[in-house]
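Take a look at the structure below.
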Amino acid sequence: MRAFDYLRAQTEGEALAAAAQDGGAFIAGGTDLMPLWKAGVAAPDRMIDIGRLPLAEVTAGDGGLMLGATARLADIADHLEVRRRHPAVAQAIEASASGQVRNMATVGGALLQRTRCAYFRSGITPCEKLEPGSGCAAVAGENRLHAIFGGGPSCVATHASDLAVALVALDAQVRLRSLAGERVLPLEALYLPAGESPTRETVLEQGEMIVVVDVPDAPGRSLYLKVRDRASFEFAVVSVAVALEVTNGRIVRARIAAGGVGTIPWRLSASEAALTGAEVGEPAYRNAAALAADGAQPLTHNGFKIELLKRTVFRALVQAGDQA
Ligand code: SF4
């Protein structure tokens, strides 16, 4: 384990200035960063603790929810307005990690979890993320839990976050701040597919921090469904977040994102298009589910994810459609 300097930031300006220099990393809950540091995978020179900054509010306003970057996952899942307006957010959080981790983990940290590849997390090479140019152990190795979308010969690691999948389906925006000012992005645009960019997982610049996630209100119903190898403290083998708006028995808007299958939270555009304008009911859900794996590129050990994804989409649509 490598030594690092520690700064408990008293103001946002202090945190941003410290993080603008190479080797700085933000920390709040530390539930992802500390295990990686112990494994020797993350080696920041300087940890900048933003846990005391006033960024932990969860606000339910007229147009939607505002989730502060350091709000704890457990508090968000318990928030009555979160549960009422966007059940998928609470369901995704409750399906994440363990109760102890959710008490510590924050929104910003959950969205910026490093990839879940076991080779990477154990510091095993060849791995393009750990040692650019070395290759990828998973492509020809153990890849049952790796990606069928968004990968390439250089990296096929799946995106880790349940919350990000739900928030992408809900069309959330992220507010980012740095010494250069503030910018706002759709959450979906924050992530870079590993097949194209193995060493860079997001578009965040050095010193740039997530400060708030905005989740717009939308009529209809959302739902998050996760399939995993064991009932708790486990990443998704496949997960699906669905947001449906129904008027007079027809689906007028559908957004679907999948987890456990892509190197980023993966939008199922063909399924969304098939649902839009269709009558609610099983024929439309079956049709959409059949298109869910469009463009998938399975590896040697994860071809089963194609059928599992289709079935999970169907189940999620049946459950969400019944309530929409
Ligand atoms: Fe490394 Fe990506 Fe290959 Fe995993 S899948 S070993 S993270 S390059």
Side-chain angles (χ1 to χ4, degrees), residues 1-2 23 25-27 30-44 96-97 101 105 108-165 168 188-204 206 226-230 233-239 257-267 293 295-306 308-309:
M1 289 183 285
R2 207 172 117 194
F26 295 117
I27 185 167
T31 53
D32 196 50
L33 183 54
M34 293 313 288
L36 291 173
W37 173 72
K38 288 178 186 170
V41 172
S96 302
V101 171
L111 298 183
L112 297 177
Q113 285 174 80
R114 298 300 308 275
T115 187
R116 54 183 273 195
C117 173
Y119 292 105
F120 169 79
R121 287 189 163 263
S122 311
I124 293 171
T125 54
C127 171
E128 286 289 333
K129 285 182 188 289
L130 295 171
E131 228 178 81
S134 65
C136 169
V139 166
E142 174 48 57
N143 52 40
R144 175 180 171 270
L145 295 174
H146 285 70
I148 57 173
F149 297 113
S154 52
C155 184
V156 287
T158 31
H159 178 81
S161 172
D162 292 295
L163 179 60
V165 173
V168 164
E188 201 175 353
L190 181 70
Y191 299 110
L192 295 169
E196 294 166 23
S197 161
T199 53
R200 198 162 173 223
E201 290 165 16
T202 70
V203 300
L204 284 177
Q206 176 69 44
K226 178 173 178 177
V227 179
R228 47 189 160 170
D229 282 338
R230 59 182 182 190
F233 211 178
E234 189 57 276
F235 289 116
V237 178
V238 167
S239 69
V261 290
T263 60
I264 58 175
W266 201 260
R267 283 281 296 284
Q297 294 183 303
L299 303 161
T300 37
H301 303 300
N302 69 3
F304 73 96
K305 284 190 176 183
I306 289 183
L308 186 57
L309 175 61

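Order of listing sets the numbers, starting from 1, for every ligand and every atom in it.
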Inset, instruction - Please determine which of F149, W266, F304 meets the side chain to side chain contact (heavy atoms under 4.5 Å, CB included) test together with L309. - result: F149
Legend entry - Residues forming a ring-ring contact (aromatic ring centres under 6.0 Å, His included) with H159, sequence neighbours excluded: Y191
Inset, instruction - Could you tell me whether a side-chain N or O of K305 sits under 3.5 Å from a main-chain N or O of A147, the two making a donor and an acceptor? - result: no
Legend entry - Residues which pass side chain to side chain donor-acceptor pair (under 3.5 Å) with T158, listed by chain and number, not counting sequence neighbours: R116
Legend entry - Residues in salt bridge (Lys or Arg N to Asp or Glu O under 4.0 Å) contact with E201, at least two apart in sequence or another chain: R114, K129
Inset, instruction - Pull up every protein N/O/S atom sitting under 2.8 Å from atom 2 (Fe) of ligand 1, skipping waters. - result: C155 SG
Inset, instruction - Check whether more than 12 heavy atoms from other residues, nucleotides or ligands sit under 6.0 Å from atom CD of E234, and answer yes or no. - result: yes
